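These notes are about the structure you will find just below.
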Amino acid sequence: MQTAVIRELFKQSDKHLGKSIRVHGWVRTVRVSKSFGFIELNDGTFFTNLQVVFEESLDNFAEIARLVTGSALTVTGTLVESPGAKQPFELKAEDIVIVGSCAPDYPLQKKRHTFEFLRTIAHLRPRTNTFAAVFRVRSLAAYAIHKFFQERNFVYVHTPVITGSDAEGAGEMFRVTTLGFDRTPRNEAGQVDFTRDFFGRETGLTVSGQLEAETYCQAFGRVYTFGPTFRAENSHTPRHAAEFWMIEPEIAFADLQDDMHLAEDMMKYVIGYVLDNAPEEMDFFNKFVDKSLLARLANVLQSDFGHVTYTEAIDILKNASEKFEYPVEWGADLQTEHERYLAEKHMQKPVFVTDYPKQIKAFYMRLNDDQKTVAAMDLLVPGVGEIIGGSQREERPAYLEQRMAELGLSHEDYWWYLDLRKYGGTKHAGYGLGFERLIMYLTGMGNIRDVISFPRTPKNAEF
RNA sequence: UCCUCGAUAGCUCAACGGUAGAGCAUCCGGCUGUUAACCGGAGGGUUGCUGGUUCGAAUCCAGCUCGGGGAGCCA
């Protein structure tokens with residue numbers, strides 16, 4: 001007999017009704033009476049559980065009746081229409097094999113757990129409804145990202161995880177070394193002698209693959225990266241993790257407008273894909289996590305994203321009736337409260353903020369004709385905040401070198417990056433999308449620690 | 001790193017200066033269609049850690065550890 005997966009039973013129930021089938025899965029809950037009982041079985045393929053009915057005619061009825069949540073079973077029986085109102089069909093068991101019993105101190109109960117508690121048992125939490133839904137959506141969103149870019153002739157580039165450059169100074173780096181900690185070699189000046197380290201130079205985990213991605217962009221025209229990224233910032237917020245996944249497309253012969261079009265198309269594509277392919281999970285989020293989720297996502301699909309320049313945003317904030325804790329002044333970076341106002345109150349939809357003052361942005365962003373601002377864009381979304389940061393890159397060698405000089409960046413560290421401008425350089429643009437922030441936006445989950453399997457945050461690398 | 005709130009049974013919480021409790025989970029018993037099933041019973045605690053105040057501390061005070069929320073940094 002072939003083993004059926006529960007997803008298949010729900011998607012094509014006509015094909016299986018009345019047939020004898022076998023399923024493998026884990027017990028979510030058991031309800032038992034004197035001579036019969038019900039098991040909610042989940043095999044991980046589908047959000048909804050399969051109801052198994054068992055009766056005392058089974059040889060091992062007594063044993064089955066004592067099953068606890070978490071036990072692994074193989075059930076053979078007939079799929080029949082269910083008299084109960086809450087499920088269309090159920091599996092009438094003819095044989096139940098206990099594949100893996102579950103100890104009585106299993107920490108997952110049927111009632112609601114706090115997300116804080118579930119983080120302490122991150123090895124078991126994917127067995128809960130919420131996390132089953134989050135990680136299926138995460139998987140689908142990752143696939144949708146690849147699908148989106150592949151369908152548009154992008155090449156997927158694997159940029160290095162270990163890097164010698166501090167990229168764009170995007171954040172503190174984790175050091176990668178094989179030097180011992182007790183007797184680190186020192187040079188004549190008393191500094192750590194990295195020439196004796198594994199790579200012969202100071203290295204760390206990547207904080208961005210962008211600079212490397214730009215090199216492949218100048219060969220393939222359209223590329224993207226999708227990989228782990230590391231920031232050693234001592235951040236304690238629901239939106240930051242030390243290890244996270246980032247998507248960084250880079251497009252040649254393109255300006256900031258092209259960049260924003262790409263970002264908007266991508267966001268809509270992924271939202272649409274997840275809504276189409278995880279309807280049960282999305283309904284669950286809408287019911288138990290964020291009651292306005294589906295309406296909001298539908299609205300995003302239908303409307304155009306907002307666009308304001310940084311300068312316009314400053315005017316909007318200055319004229320707002322809202323009182324801000326931090327002053328609104330041209331030249332200062334937008335505070336979280338300002339971003340929230342723009343996205344959640346003023347626009348009530350995703351909004352691109354563009355053309356920031358050059359002094360608050362990275363060296364590689366293209367200088368605008370006003371000589372004061374750069375062709376940068378941040379995408380702010382209600383509830384999550386900044387989800388994308390991007391820019392048109394400075395392709396003019398003179399401008400780039402001048403900016404590097406102003407910031408004290410050395411030619412030697414960026415010689416290959418400067419070469420791109422020397423050898424057939426084109427205008428080009430790109431952005432970074434925080435994958436976990438996208439998942440938060442798609443699911444309504446409020447904490448980044450609950451959308452990544454084993455979160456790494458300050459003072460926490462358990463599992 | 002700063003501000004703020006919190007830590008009591010396996011989980012979710014109550015008790016707020018005077019003998020530490022409930023629901024769920026677990027174990028035992030009952031129940032012929034359940035749906036976070038239901039009904040009855042039992043076991044389960046160094047009240048995060050260290051010190052202090054007090055006749056007496058889960059409760060008040062100090063420090064520490066861990067966690068939540070906010071800020072900064074950013075994706």
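In what follows, chains are A, B, ... by sequence order, proteins preceding strands, each numbered from 1. If you're wondering where the values come from, they're calculated on a predicted model, not measured in any experiment. No hydrogens, no waters, no symmetry mates; every other heavy atom, side chains included, goes into these values.
Across all strands shown, A:Phe244 has heavy atoms under 4.0 Å from base atoms, whether or not it also approaches the sugar-phosphate. When heavy atoms are screened at a 4.0 angstrom cut-off, A:Thr69 is found touching no nucleic acid atom at all. Note on A:Pro104: only backbone sugar-phosphate atoms sit closer than 4.0 angstrom, heavy atoms only; bases stay farther off. Residue contacts for A:Tyr326: at a heavy-atom cut-off of 4.0 Å it reaches the sugar-phosphate backbone alone, with no base atom in range. Heavy atoms of A:Arg340 sit nowhere under 4.0 angstrom from any nucleic acid atom. Using a 4.0 Å heavy-atom distance criterion, A:Ile388 is classed as a sugar-phosphate-only contact. Counting any heavy atom pair closer than 4.0 Å across all strands shown, A:Gln87 reaches a base atom. Residue contacts shown for A:Asn234 include a base, since a base heavy atom lies under 4.0 Å away. Residue-level contact check: A:Gly84 touches the bases, meaning some heavy atom is under 4.0 Å from a base atom. If you check every strand for non-hydrogen atoms under 4.0 Å, A:Glu243 touches nothing.
Between the C1' atom of B:G68 and the CZ atom of A:Arg239 lies a distance of 14 Å, rounded to the nearest Å. Between the CZ atom of A:Phe115 and the C1' atom of B:U12 there is a distance of 14 Å, rounded to whole Å. Atom P of nucleotide B:C11 and atom CZ of A:Phe117 are separated by 5 Å, given to the nearest angstrom. Look at CG on A:Leu118: it is 10 Å from C1' on B:C11, rounded to the nearest Å. Straight-line distance from the CD1 atom of A:Ile439 to the P atom of B:A75: 18 Å, rounded to whole Å. Counting to the nearest Å, the C1' atom of B:G72 and the CG atom of A:Asp333 are 11 Å from each other. What separates CD of A:Glu436 from P of B:C74 is a distance of 18 Å, to the nearest Å. B:C73 atom P lies 12 Å from atom CZ of A:Arg437, rounded to whole Å.
Judged by ring centres under 5.5 Å apart and planes tilted less than 30 degrees, A:Phe38 fails to stack against the six-membered base ring of B:A37.
Between A:Lys34 and B:C31 there is a side-chain N or O to OP1 or OP2 distance below 4.0 Å. Within the 4.0 Å cut-off from OP1 or OP2 of B:A36, not a single side-chain nitrogen or oxygen of A:Arg28 is found. The side chain of A:Ser33 contributes no N or O atom lying less than 4.0 Å from OP1 or OP2 of B:A37. A:Gln335 has a side-chain polar atom (N or O) that falls below the 4.0 Å cut-off from OP1 or OP2 of B:G72. Between B:U35 and A:Lys110, no contact under 4.0 Å exists linking OP1 or OP2 to a side-chain N or O. Considering only side-chain N and O atoms, A:Asn460 lies nowhere under 4.0 angstrom from the phosphate OP1 or OP2 of B:G67. Close to B:U12, at under 4.0 Å from its OP1 or OP2, lies a side-chain N or O of A:Thr114. At least one side-chain nitrogen or oxygen of A:Arg31 sits closer than 4.0 Å to the OP1 or OP2 atom of B:A37.
Taking the six-membered ring for Trp and thresholds of 30 and 60 degrees, A:His338 and A:Phe324 have ring planes more than 60 degrees apart, a perpendicular arrangement. A tilted orientation is assigned to the rings of A:Phe89 and A:Phe10, their planes being inclined by 30° to 60°. Between A:Phe220 and A:Tyr216, the angle of the ring planes stays under 30°, which puts this pair in the parallel group of the 30/60° scheme.
A salt bridge links A:Glu202 to A:Arg175: at least one charged side-chain nitrogen sits closer than 4.0 Å to a carboxylate oxygen. We find that A:Glu329 and A:Lys318 are joined by a salt bridge, their nearest charged nitrogen and carboxylate oxygen being less than 4.0 Å apart. Salt bridge A:Arg239/A:Glu436: absent, no basic N to carboxylate O contact under 4.0 Å. Under a 4.0 Å N-O distance rule, the pair A:Asp304/A:Lys349 does not qualify as a salt bridge. Contact check on A:Lys345 versus A:Glu322 returns a salt bridge, with a Lys/Arg side-chain nitrogen under 4.0 Å from an Asp/Glu carboxylate oxygen.
If you check distances only, the side chain of A:Arg112 never reaches the base of B:C24 with a donor-acceptor pair under 3.5 Å. A donor-acceptor contact under 3.5 Å is not formed by the side chain of A:Glu116 with the base of B:G69. A:His113 contributes no side-chain N or O that forms a donor-acceptor pair with the base of B:U12 under 3.5 Å. Not a single donor-acceptor contact under 3.5 angstrom links the side-chain atoms of A:Gln109 to the base of B:U12. Judged by atom type and distance alone, A:Arg231 reaches the base of B:A75 through a side-chain donor-acceptor pair under 3.5 Å.
For the P atoms, the distance linking B:G67 with B:A75 amounts to 25 Å, nearest Å. Distance noted for atom C1' between B:C3 and B:G17: 30 Å (whole Å). Rounded to a whole angstrom, the distance from the P atom of B:G45 to that of B:C11 is 13 Å. For B:A25 and B:U35, the P atoms lie 13 Å apart once the distance is rounded to whole Å. Distance check on atom P: B:U47 versus B:U59 gives 10 Å, rounded to whole Å. Taking atom P in both B:G68 and B:C61, one finds a spacing of 24 Å when rounded to whole Å. The P atoms of B:C5 and B:G18 are separated by 24 Å, rounded to the nearest whole Å. One P atom belongs to B:C64, the other to B:C74, and the distance between them is 29 Å to the nearest Å.
Under the 3.5 Å distance criterion, with hydrogens and angles disregarded, no donor-acceptor pair is assigned to the side chains of A:Arg296 and A:Gln348.
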Using a cut-off of under 3.5 Å, enumerate the N/O to N/O pairs linking the protein to nucleotides 47-50 of chain B.
none

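Comparing atom distances between the A:Val68 side chain and each of B:G72, B:U26, B:C66 picks out B:U26 as nearest. Comparing atom distances between the A:Thr336 side chain and each of B:C24, B:G67, B:C74 picks out B:C74 as nearest. Of all nucleotides listed (B:A71, B:A75, B:A37), B:A37 comes nearest to the side chain of A:Thr29.
Base pairing of B:A62 is made with B:U50, judged by Watson-Crick or G-U wobble geometry with both donor-acceptor distances under 3.5 Å. When Watson-Crick and G-U wobble pairs are counted only if both distances are under 3.5 Å, B:A25 pairs with no nucleotide at all. In this structure, B:G67 forms a base pair with B:C5, meeting either the Watson-Crick or the G-U wobble geometry with both donor-acceptor distances under 3.5 Å. Across the strands present, B:G33 finds no partner; the criterion is a Watson-Crick or G-U wobble pair with both atom distances under 3.5 angstrom.
In summary, the aromatic rings of A:Phe36 and A:Phe54 are positioned with their centroids too far apart to meet the 6.0 Å limit. Two rings, from A:Phe226 and A:His158, have their centers 6.0 Å or more apart. Annotation: A:Phe149 is not in aromatic contact with A:Tyr156 [ring centroid separation under 6.0 Å not met]. Residues A:Phe148 and A:Tyr143 place their aromatic rings such that the two centres sit no closer than 6.0 Å.
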* Would you sort out whether A:Arg393 and A:Glu250 count as a salt bridge (charged side-chain N to carboxylate O under 4.0 Å, His left out), showing the intermediate values? => CA-CA 10 Å; A:Arg393 321 305 190 187; A:Glu250 196 71 33; 2.8 Å; yes
* Structure fact -> Given protein heavy atoms under 4.0 Å, the one-letter contact record of nucleotides 38-44 of chain B, with B base, S sugar-phosphate only and - none, is simply -------
